[in-house]
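The chains referred to below are lettered A, B, ... by the order of the sequence lines, with proteins before strands, and numbering in each begins at 1.
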Amino acid sequence: MEVRRRLAKQGVRFEELPREEALAHVERWREEHERRIGEQTRAGGFSVDWSRYRYTKDAASARATRRAFAALYRDGLIYRGERMVNWDPRLRTAISDLEVKHREEEATLYRLRYAWADGTLGGIEVATVRPETVFGDVAVAVHPDDERYRDAIGRFVIVPLAHRRVPVIADAAVDPAFGAGALKITPRHDPTDREIAGRHPDLAEPTEIFDDSARLAGPWVPREYHGLDREAARARAAEELEREGLLVRSEKYRHSVGRSERSDAVIEPRLSTQWFVRMAPLAAPVVAAVRAGEIRIHPDRWTLTFFRWMEGIQDWCISRQVLWGHPVPVEHCRACGQANVALETVTRCERCGSTELAPDPDVLDTWFTSWLWPFAALGWPEETADLAAYYPTDLLVTGRDIMFFWVARMMMSGFRFTGKQPFSDVFFTGMLQDEAGHRMSKHLGNSPDPLDVIRDRGADAMRFALVFPTPATEDGPFGAAALDGARNFLTKVWNLARFSLGHVPAGTGPVAAAPALSGASALENRWILSRYRRVAEEVDAALSEFEPTRAATALHSFLWHDLADRYVEISKEALSGARGEALARETRATLLFVVERSLRRLHPFAPHVTEELWHALPHDGELLATATWPSPAEAPSDPAAELAMESVLEAIRLLRNLRAEEGVAAAAVTPAWIRPSGPEVAWVLSGERATIARLARVAPLELLAADAPTPEGVGSRVAPLGECYLVRPAETPAAAEALARERQKLGGLLAKTRQRLADAGFRARAPPELVRETEEKARELEERIRRIDEHMKPDASGVTST
RNA sequence: GGGCGCGUAGUCUAGUGGUUAUGACGUCACCCUGACACGGUGAAGGUCGCCAGUUCGAAUCUGGCCGCGCCCA
């Protein structure tokens, strides 16, 4: 189709080119794309075994394709026959059901009168959107129980325009509610009509009324209609019907129209001789394997869709009337008609010995080769070492749009030809959309060239943007916003590593293990190691559960917020040596460990950046790409440190918040006080007083006893942690507003909590522990509100003096 | 027409019975502090589509409705 379009731009019609020239155009196009896709794959940093590069139209693929065809034919699973197929009149080939896309479209519903053949007045009214097909009519059908037509059954009518006499027949498939309840029967161009005609063997054998391009033709079609396409013929028929008074009326009508996925031409259902694969026997073992959990589909919600299709599977039309493709490997005997299936070249008919053989004119659907991929790419049907070593494979990652075209069929062929499942897990990605929310497609031309994306933002940014923030399994926007976010994140990682490198003393060896911490170790070091372990576990769990986005999200949040924003800022003091050489050493080791191990875990998402950084750090081995995946258990889990650090971070946040509200200049350092809400908090805060003061830019920072008087001339904040006070430079309404907002929020919460406690049902049925917790929460809220009220009183805390 | 799925701040998104509803982008304010302005700090922003039901308690479970998407005919 692409070649066709390109040639059309130069004013050349593909169909009119000599065969060899047309093939050369396709081949040239193929080579260009092969090269481009190769470049894209390399630039994207995909770990591909190029030594096993294969093309589905090379000699080995041809051999596999022939072999598969022959085996299925021998087993009676391939047959040739005249069936109703989807005919693409633009490409002039049959296509499979999957290549037909149905869409609601606007049309005109014509009501035609079929006059009685015996000359009686009146007739039968038939509704159709395709009046041009009257030439192929062989009957008019009504529902057997339809009162209106009881007497009509068995009588004859005259087909309008065609002037042929056809019977009125009864068939239960007719919908009495549609139109006037009578259906024209055109067996060669409508699957339902064909079924109905099949049940009435005495009807005339219809002739074809369209040629390959769906232009009217054939003995039943009047001369003046010959050569008209469907649209033109329809217009002409409507006009002529109107003139003859046979058009009762016409109305607007929406109905579903099938179009060719490739050419967008309206499909013409057409009776034609094609090759088919019987699918039901092939589907059975696949359904069983998926049901038994031997093949798993991720995300598993698609399993249902998969089953539905598999269980209603139709035979697959595999022959195509196009130039490009593997030929149907059959030689037809001119003498006896035998179809000789050819694994190699056949010279005489296997039945009658005649040497008068004609090759089958058709080629195979490209999927008939692709469905063999998992084993054919490894050398099947030869019993190669690769096949023994790598088959069955484990994971297939692909787009959901080819679930049926490719994935389901690979499973079927796998069981059929190798007796084994081709893979154990299938991961379906969503379909990318542009930023306006339109699905990316060649047709819309809204998909960026990966090479452009890589040039602008980098291959790693492209990769990361594919999994973050929109889940890889969902349809979602892929554009500047996601790419910028990914690039910014990777820049952050780059700078983080650069900072860490500045603290690696010369001669530092590779990171063999997590630094051994002791009771004297810094809280931030215990904390970040414990956080790293948690995140490493989360990443591993997410990956093993086929949730790459969960893993990427965990790494994003850890590297940026925990490691860069918090840990690095807190550790700068220790790294400077200001807190002693022992602590500096421990902190350097911790930083290096966490950064190095995080890079390893980020590597699959951003191979280039992490590889580059890893080489700059002390390391062991040739490549990060082939380095081991470290165990999360290298780092100690330390819940106490995590809990304590939460209080420290909360204190910093409260003080910063207070600064902003009170209008303290960003660069100013101001005295502050914290009155902790309890002894545990007090203990933690006193240990980390210097850190809190430094990050919140306050000094001096004093901890107040519960009963100590409140300092004067300060702004304040009440939180679960305790109360914070800060010297304010000037009156700001922002602080008062913030306090009022907080008071209101807590008031609402308290009301809700009290209401719950007042509910007898809650006390009776909720777990006792929950009741206790709720009571505790109510008390805490009351206390906080009381304190806020105290602060809000104009004469309290020296806010204003009277 | 049948089936499947989804509706959570402007946008994307986490969250399968008790949370002060998660995060990212965007927005606003302040800040070029010696890794990073592709940055830092703080803030604002949500009747978890609507209506019933189950439950002591629902974003979460059930039913109906509305809207959207996909697959199949």
Side-chain angles (χ1 to χ4, degrees), chain A residues 97-98 100-102 104 175 191-192 255-256 258 299 301-309 312-314 400-401 403-404 430-431 433 435 437 439 457-458 461 468-471 474-503 549-550 552-554 556-557 560-561 564-565 568-569 572 576 652-661 663-667 694-697 719-720 734 737-738 741-742 745-746 748-750 752-753 755-767 769-771 773-774 777 781:
Chain A
D97 294 343
L98 283 176
V100 180
K101 297 296 156 202
H102 295 266
E104 286 272 305
D175 175 8
T192 314
H255 70 141
S256 179
R301 66 194 137 104
W302 297 115
T303 311
L304 215 62
T305 308
F306 181 80
F307 279 140
R308 248 186 61 76
W309 187 73
I313 201 160
Q314 301 291 310
R400 211 174 52 230
D401 53 334
M403 182 188 300
F404 304 129
M431 307 307 295
Q433 297 168 351
E435 291 196 301
R439 180 182 280 201
R457 310 295 208 311
F468 183 90
T470 303
E474 303 299 320
D475 296 353
F478 177 81
L483 287 164
D484 283 344
R487 180 206 49 190
N488 293 355
F489 170 58
L490 294 169
T491 306
K492 189 75 186 179
V493 171
W494 181 268
N495 283 312
L496 172 67
R498 215 156 56 95
F499 172 83
S500 309
L501 266 171
H503 295 280
T549 297
R550 214 176 99 206
T553 305
H556 182 272
S557 144
W560 200 321
H561 302 303
D565 289 348
V568 164
E569 292 310 319
K572 277 177 179 170
S576 74
I652 293 168
R653 203 184 61 75
L654 277 170
L655 289 168
R656 281 172 169 172
N657 178 297
L658 200 46
R659 289 176 64 100
E661 273 165 12
V664 177
R694 186 163 52 84
L695 292 219
R697 295 179 87 74
E737 276 169 30
R741 250 200 322 270
E742 178 81 1
K745 191 168 140 192
L746 294 179
L749 260 178
L750 180 61
K752 234 169 72 182
T753 310
Q755 197 181 346
R756 183 180 291 177
L757 286 168
D759 185 340
F762 175 71
R763 286 184 178 280
R765 305 202 185 197
E769 204 178 281
L770 184 73
V771 176
E773 277 169 23
T774 309
K777 193 163 99 185
L781 285 169

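Look at A/Lys101 and you'll find a side-chain N or O under 4.0 angstrom from OP1 or OP2 of B/C72. Residue A/Lys492 places at least one side-chain N or O closer than 4.0 Å to OP1 or OP2 of B/G40. For B/C31, neither phosphate oxygen OP1 nor OP2 lies less than 4.0 angstrom from any side-chain nitrogen or oxygen of A/Arg656. For B/A35, the OP1/OP2 oxygens have a side-chain nitrogen or oxygen of A/Lys572 closer than 4.0 Å. The side chain of A/Trp560 places no N or O atom within less than 4.0 Å of a non-bridging phosphate oxygen (OP1 or OP2) of B/C36. Side-chain nitrogen and oxygen atoms of A/Asn495 include none within less than 4.0 Å of the OP1 or OP2 phosphate oxygen of B/G39.
The same atom, P, is picked in B/U47 and in B/A21; the two are 13 Å apart, to the nearest Å. Taking atom P on both B/A14 and B/A9, the two are 13 Å apart, rounded to the nearest angstrom. Rounded to the nearest Å, the gap between the C1' atom of B/U22 and that of B/G45 is 15 Å. B/A52 and B/A58 have their P atoms separated by 13 Å, given to the nearest Å. Straight-line distance between the C1' atoms of B/A44 and B/A29: roughly 10 Å, to the nearest whole Å.
Pair check for B/G1 finds B/C72; Watson-Crick or G-U wobble, both atom distances under 3.5 Å. Under the Watson-Crick or G-U wobble criterion, with both distances below 3.5 Å, B/U33 is left unpaired in every strand shown. Pairing partner, B/A43: B/U27, with both Watson-Crick or wobble hydrogen-bond distances short of 3.5 Å. Across all strands shown, B/C48 remains unpaired; no Watson-Crick or G-U wobble contact has both distances below 3.5 Å. When Watson-Crick and G-U wobble pairs are counted only if both distances are under 3.5 Å, B/U60 pairs with no nucleotide at all.
At the heavy-atom level, A/Thr774 lies nowhere under 4.0 Å from the strands shown. Across all strands shown, A/Thr470 has heavy atoms under 4.0 Å from sugar-phosphate atoms exclusively, and none from any base. Residue A/Ala564 is in base contact, counting any heavy-atom pair closer than 4.0 Å across all strands shown. At the heavy-atom level, A/Leu770 lies under 4.0 Å from base atoms of the strands shown. At the heavy-atom level, A/Arg756 lies under 4.0 Å from the strands shown only through sugar-phosphate atoms. Within 4.0 Å (heavy atoms only), A/Asp565 reaches sugar-phosphate atoms of the nucleic acid but no base atom. Counting any heavy atom pair closer than 4.0 Å across all strands shown, A/Lys777 reaches sugar-phosphate atoms only and no base atom. Within 4.0 Å (heavy atoms only), A/His561 reaches sugar-phosphate atoms of the nucleic acid but no base atom. Residue-level contact check: A/Arg487 touches the bases, meaning some heavy atom is under 4.0 Å from a base atom. Within the 4.0 angstrom heavy-atom criterion, no nucleotide atom of any strand lies near A/Arg550. Nucleic acid contact class of A/Leu98 (heavy atoms, under 4.0 Å, all strands): sugar-phosphate only. Among the atoms of the strands shown, base atoms are found under 4.0 Å from some heavy atom of A/Pro720. Using a 4.0 Å heavy-atom criterion, one finds that A/Arg308 contacts the bases of the nucleic acid, with or without backbone contacts as well. A/Glu474 comes within 4.0 angstrom of no nucleic acid atom, judged by non-hydrogen atoms across all strands.
The shortest distance between side-chain heavy atoms of A/Leu770 and A/Glu773 falls below 4.5 Å. Using a 4.5 Å cut-off on side-chain heavy atoms (C-beta onward), A/Arg697 and A/Arg694 make no contact. Side chains of A/Phe478 and A/Met431 form no contact here, defined as non-hydrogen atoms less than 4.5 Å apart. The shortest side-chain heavy-atom distance between A/Leu654 and A/Leu658 does not fall under the 4.5 Å cut-off. Looking at heavy atoms from C-beta onward, A/Arg653 lies out of side-chain contact with A/Leu695 at the 4.5 angstrom threshold.
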### Task
Tell me, with the steps shown, if A/Asp759 and A/Arg756 meet salt bridge (charged side-chain N to carboxylate O under 4.0 Å, His left out).
CA-CA 5 Å; A/Asp759 185 340; A/Arg756 183 180 291 177; over 6 Å; no
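If you find the closest nucleotide of RNA chain B to A/Arg697 and to A/Arg301, the one lying nearer the 5' end belongs to A/Arg301. When the nearest nucleotides of RNA chain B are assigned to A/Lys752 and A/Gln314 by heavy-atom distance, the more 5′-ward of the two goes with A/Lys752.
When rounded to the nearest whole Å, the span between CZ of A/Phe404 and P of B/C4 equals 14 Å. Between A/Leu501 atom CG and B/G34 atom P the separation is 20 Å, expressed in whole Å.
Using a 30° and 60° split on the angle between ring planes, A/His556 and A/Phe489 fall in the tilted class, from 30° to 60°.
For A/Ser256 and B/A73, a side-chain-to-base donor-acceptor distance below 3.5 Å is present, hydrogens and geometry of angles not being considered.
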